[in-house]
Amino acid sequence: SDAQSEVEETLKRIASHQGVVGTVVVNKEGIAIKSTLDQSTTVMYASLISQLAAKARSVVRDIDPQNDLTFLRIRSKKHEIMVAPDKEYILIVIQNPSESS
């Protein structure tokens, strides 16, 4: 489908950016449906990040019920993890902050 190829193109574009370590797409159940990382790393990110995104979303909603989470950025010593939640899916992008401008 067109939507499918559009997603593919977007993922390719993101993955080609400098410093990007990997991308993971997670469904509502917290299961990875697409990933450029190895199996165990994928499962770990899918599970933990979807839990964190759900928690962050409920925090945003508790503060203001009219509001919603649109983006989540986690910066650690090694990586920067960007989380873009949608209705059906969550896009996770892991990158090296040192290499990104």
Side-chain angles (χ1 to χ4, degrees):
S1 69
D2 282 353
Q4 190 71 27
S5 59
E6 204 177 304
V7 169
E8 295 285 344
E9 282 306 308
T10 304
L11 287 173
K12 279 200 194 93
R13 199 172 65 239
I14 293 167
S16 71
H17 285 204
Q18 195 183 3
V20 171
V21 177
T23 59
V24 183
V25 179
V26 183
N27 68 12
K28 275 196 305 222
E29 285 72 48
I31 297 159
I33 52 169
K34 275 204 178 314
S35 178
T36 60
L37 301 167
D38 67 72
Q39 180 66 25
S40 60
T41 310
T42 296
V43 169
M44 193 168 58
Y45 272 105
S47 167
L48 296 173
I49 297 294
S50 53
Q51 288 174 54
L52 185 61
K55 184 67 183 165
R57 183 172 193 225
S58 71
V59 167
V60 168
R61 283 269 180 82
D62 286 349
I63 292 168
D64 177 2
Q66 305 299 304
N67 208 348
D68 204 354
L69 181 73
T70 56
F71 196 75
L72 180 63
R73 177 175 266 178
I74 304 137
R75 187 82 178 253
S76 66
K77 285 181 182 174
K78 290 183 179 178
H79 297 120
E80 187 168 39
I81 305 164
M82 284 157 298
V83 186
D86 203 47
K87 283 180 178 64
E88 299 295 321
Y89 306 104
I90 299 172
L91 171 63
I92 304 165
V93 178
I94 302 105
Q95 67 175 27
N96 293 321
S98 54
E99 290 177 31
S100 63
S101 49

Not counting sequence neighbours, which residues clear side-chain contact (heavy atoms from CB on, under 4.5 Å) with Ser35? List them please.
-> Val24, Leu37, Thr42

Tell me, do [X] and [Y] make a side-chain contact under 4.5 Å, heavy atoms counted?
X     : Y     : value
Gln95 : His17 : no
Ile94 : Val20 : no
Ile81 : Tyr45 : yes
Val21 : Asn96 : yes

Closest approach of Ala46 to Gly30 (non-hydrogen atoms, all atoms of both residues) =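 Scanning both residues, the minimum pair turns out to be CB-O, 3.7 Å.
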
If you look at every heavy atom in Ser76 and Pro97, which pair is closest and at what distance?
-> O-CG, 4.5 Å

Common cluster, Val93/Leu11, ILVMFWY with side-chain heavy-atom separation under 4.5 Å =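 Yes, same cluster.
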
Check: Met44 main-chain N/O paired with Ser47 side-chain donor or acceptor under 3.5 Å |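 No, the answer is negative, given that no donor and acceptor are paired below the 3.5 Å cut-off.
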
May I have all residue pairs that pass salt bridge (charged side-chain N to carboxylate O under 4.0 Å, His left out) and include part of residues 16-26, sequence neighbours excluded?
-> none

Sort and list the pairs that fulfil salt bridge (charged side-chain N to carboxylate O under 4.0 Å, His left out) and have at least one residue in residues 36-54, not counting sequence neighbours.
-> none

Would you be so kind as to tabulate the donor-acceptor pairs closer than 3.5 Å made by side chains of residues 83-92, with sequence neighbours excluded?
| residue | atom | partner | partner atom | Å |
| --- | --- | --- | --- | --- |
| Glu88 | OE1 | Lys28 | NZ | 3.2 |

For residues 65-74, tabulate all N or O donor-acceptor pairs below 3.5 Å that involve a side-chain atom, not counting sequence neighbours.
| residue | atom | partner | partner atom | Å |
| --- | --- | --- | --- | --- |
| Asp68 | OD1 | Arg57 | NE | 2.8 |
| Asp68 | OD2 | Arg57 | NH2 | 3.1 |
| Asp68 | OD2 | Arg61 | NH2 | 3.3 |
| Arg73 | NE | Glu80 | OE2 | 3.2 |

Rounded to the nearest 0.5 Å, how far does OG1 of Thr10 lie from CZ of Arg13?
-> 5.0 Å

To the nearest 0.5 Å, atom CE of Met82 lies from atom CD1 of Ile14 at 8.5 Å

Please name all residues satisfying salt bridge (charged side-chain N to carboxylate O under 4.0 Å, His left out) with Glu9, sequence neighbours left out, ordered by chain then number.
->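 Testing Glu9 for salt bridge (charged side-chain N to carboxylate O under 4.0 Å, His left out), a comparison that skips the adjacent residues, returns Lys12.
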
